[in-house]
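Take a look at the structure below.
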Protein chains: 2
Amino acid sequence: MAEEMEIIDKIISDIHSGRYGANDKLPSENELADYFNVPRMTIRKVYERLQEMGYIYSRQGKGSYVKDRQMQIPLVLSGDESFSRKMIRLGHHFRSKNIFCEEIGYNKAIFHSLGAEETDRVFKIGRLRIVNNRPIALHISYVAKSVFDDIDLYGKEITSMFDYYQKKGFTEFESKSSVLKVLFPTKFLWEILECTSLIPLLVLETGCIDKKTGTVLEHTEIFYRSDCFNFVI
Amino acid sequence: MAEEMEIIDKIISDIHSGRYGANDKLPSENELADYFNVPRMTIRKVYERLQEMGYIYSRQGKGSYVKDRQMQIPLVLSGDESFSRKMIRLGHHFRSKNIFCEEIGYNKAIFHSLGAEETDRVFKIGRLRIVNNRPIALHISYVAKSVFDDIDLYGKEITSMFDYYQKKGFTEFESKSSVLKVLFPTKFLWEILECTSLIPLLVLETGCIDKKTGTVLEHTEIFYRSDCFNFVI
DNA sequence: TTTTTTCCACTTGGCAACAAGATATGCTTA
DNA sequence: TAAGCATATCTTGTTGCCAAGTGGAAAAAA
């Protein structure tokens, strides 16, 4: 096991240092096994791990190749500028795609964050953030029907909560304190984010408050692909 | 592969939901393989992955068991309070252990951040942050000998850079803008942090400036075990 | 009856042989 | 000569068997 990890470290460092470039062919499993004097199974595990970490891809009958790593976008986590503005200002092509709006059952943390009663109806609206035609983040907003009474009707069409809030007469916002966690994507998440299963996601939990009335407008969860960003705070 | 991930998702969700408690025995590989109607190898891979993610441990001849997950400590990333103060204020037992002080070769990013010339000598001082007797973070400070001329002599004894700076007459500090990244530990890191290889680390890169003179005192890299913290920003 | 020993059934761990896909080479045939 | 086909060989992917560790049950000994 320790031997495996040393080989993984070495290959990753070789990729980072440019010793292996994008789409370069790696040694075959047998070659590497002979080179390190380990059973082929060890190298197989190494290559499988590197695949799921998104460093390489393997083709049966052909070999294993280095994936070209995409750029790292600097992202300022604090501050009030919207995600779309940040991306556009940095010169990226950006679009947002609404992928679901559905009612959720009672959840203590979310309902409490919204100041909602157990009998209230709460909907979650999910938008996929797509930069340069690559999905890189999932933005989920939880909103109470008691605050937005037409959310069940129009929720599926919202791509910008900001625009929606403005139409409803909310113009100035304040964000709640934010909590960061790191977790691995579930199958659902790595399928829609088009990444492999060992790309950690950085999850930002926060909320949005109307400055004038103090109303909690939404509870927010944002899942960022950690391989796509440098987070600035 | 997709089947594997579904089973992993299910077991992780079972562990989080409390369906499996700490130190509970999981079904044997053959039992699970029969239950899901997949080859045992699939379940083997699932259990191996869960081991390296830190969810379970397996003993040859006995079986696989759920690890007891340690607490998540809330950690405010911004703010000037030192790490040790934060931990002590939260009622944790804290200590810091100096594990290395050595000169580094020329590195553009670090030297530039320190405002050092290519001919300057720069040292890195590593302290292991140990909370409740568990190492949970590695704090690396890069300092230039041109600023601290006795760093090569006393560097190995420093456990608190804050105290060291005060002795040198620096009393008020300002922190540079911080960048967050997520990466996996190298063998060196997961050995000293006593974690498994698939625990993502949250890396905070920042720096410390003396408020009075504007001198850059250090360039900082902190490696946090992401499974031990909720990061508040 | 009690203690000790042996053995067996079940667990995870490791490996080697086999299957399947891709490509290059050389042979056959027009 | 050139095109097409068979084949050998190299690649990754899969499966199944055996080794090693554990603990309890059964058998043997005191």
Side-chain angles (χ1 to χ4, degrees), chain A residues 1-8 10-12 14-15 19-68 187 190-191 195-198, chain B residues 1-8 10-12 14-15 19-68 187 190-191 195-198:
Chain A
M1 187 72 90
E3 197 146 43
E4 239 171 83
M5 290 309 303
E6 278 178 53
I7 299 172
I8 290 177
K10 184 175 178 343
I11 296 177
I12 290 180
D14 282 350
I15 291 175
R19 162 96 180 65
Y20 293 119
N23 294 102
D24 279 3
K25 189 176 185 306
L26 292 162
S28 81
E29 295 174 352
N30 281 314
E31 277 173 7
L32 256 202
D34 289 348
Y35 178 79
F36 286 111
N37 218 309
V38 293
R40 179 167 82 100
M41 214 56 194
T42 303
I43 305 295
R44 269 199 70 67
K45 282 190 194 167
V46 167
Y47 276 11
E48 271 176 22
R49 171 72 69 91
L50 290 170
Q51 270 190 76
E52 303 200 271
M53 288 170 76
Y55 282 104
I56 70 172
Y57 59 94
S58 299
R59 288 289 132 81
Q60 184 174 147
K62 293 192 71 176
S64 300
Y65 300 84
V66 177
K67 259 195 198 174
D68 55 341
K187 184 166 172 272
W190 61 258
E191 278 182 353
C195 62
T196 47
S197 58
L198 285 186
Chain B
M1 188 70 92
E3 196 146 43
E4 236 171 86
M5 289 309 303
E6 278 178 52
I7 299 173
I8 291 176
K10 183 172 178 348
I11 296 177
I12 290 180
D14 281 350
I15 291 175
R19 162 95 180 69
Y20 292 120
N23 294 104
D24 280 2
K25 189 175 185 305
L26 293 163
S28 82
E29 294 174 351
N30 281 316
E31 277 174 6
L32 256 202
D34 289 348
Y35 179 79
F36 285 111
N37 218 307
V38 293
R40 178 168 84 102
M41 210 56 196
T42 303
I43 304 297
R44 271 197 69 68
K45 283 189 193 165
V46 167
Y47 276 10
E48 269 176 26
R49 171 71 68 88
L50 289 171
Q51 270 190 76
E52 302 201 272
M53 288 170 77
Y55 282 104
I56 70 171
Y57 59 93
S58 299
R59 288 288 132 78
Q60 184 174 146
K62 293 192 70 176
S64 300
Y65 300 83
V66 176
K67 258 196 198 174
D68 55 339
K187 184 166 172 272
W190 60 258
E191 277 182 353
C195 63
T196 46
S197 58
L198 285 185

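Numbered from 1 within each chain, the chains take letters A, B, ... in sequence-line order.
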*Please state how far atom CD in A:Glu4 lies from atom C1' in C:dC15, giving the value in whole angstrom units.*
14 Å
*Taking the side chain as every heavy atom from C-beta outward, state whether A:Leu32 and A:Val46 have any pair of such atoms under 4.5 Å apart.*
no
*asked:* Could you check whether any side-chain heavy atom of B:Met5 comes within less than 4.5 Å of a side-chain heavy atom of B:Arg49, counting everything from C-beta outward?
replied: yes
*C:dG21 P sits how many Å from A:Gln60 CD, rounded?*
6 Å
*Find the distance B:Leu26:CG to C:dT11:C1' and express it as a whole number of Å.*
13 Å
*Protein-nucleotide distance (B:Lys45, atom NZ; C:dG13, atom P), rounded to Å*: 15 Å
_Validation row: A:Ile56, A:Ile15 side chains within 4.5 angstrom (heavy atoms)_ = yes
*asked:* Testing the 3.5 Å rule here: is there a donor-acceptor pair between the side chains of A:Thr42 and A:Glu4?
replied: no
*Report the nucleotide, chosen from C:dA16, C:dT12, C:dC18, that has the shortest atom-to-atom distance to any side-chain atom of A:Arg40.*
C:dC18
*Among the nucleotides C:dC15, C:dT12, C:dG21, which one has an atom lying closest to any side-chain atom of B:Ser28?*
C:dT12
*Over how many whole Å does the gap from B:Gln51 atom CD to C:dT11 atom C1' extend?*
13 Å
_Please enumerate all residues that pass side chain to side chain contact (heavy atoms under 4.5 Å, CB included) together with A:Lys67, with sequence neighbours excluded._
A:Tyr57, A:Thr196
*Atom-pair distance (CD on A:Glu3; C1' on C:dG13), nearest Å*: 16 Å
*Looking across every strand, which nucleic acid part, if any, lies under 4.0 Å from B:Glu48 by heavy atom: base, sugar-phosphate, or nothing?*
nothing
*Within the structure, does a side-chain N or O atom of B:Ser58 lie under 4.0 Å from either OP1 or OP2 of C:dT12?*
no
*Any A:Tyr47 side-chain heavy atom under 4.5 Å of A:Leu26 side chain*: yes
_B:Pro39 or A:Arg59, whichever maps to the more 5' nucleotide of DNA chain D_ = A:Arg59
*Quick one: does A:Met41's side chain get under 4.5 Å of A:Arg44's, heavy atoms only?*
yes
*Could you state the atom-to-atom distance from OH of A:Tyr65 to C1' of C:dT23 in whole Å?*
10 Å
*Which nucleotide of DNA chain D is the first, and which the last, in the 5' to 3' direction, to come under 4.0 Å of a heavy atom belonging to chain A?*
D:dT11 to D:dT14
*asked:* Output the rounded distance in Å from NZ (B:Lys62) to C1' (C:dG13).
replied: 16 Å
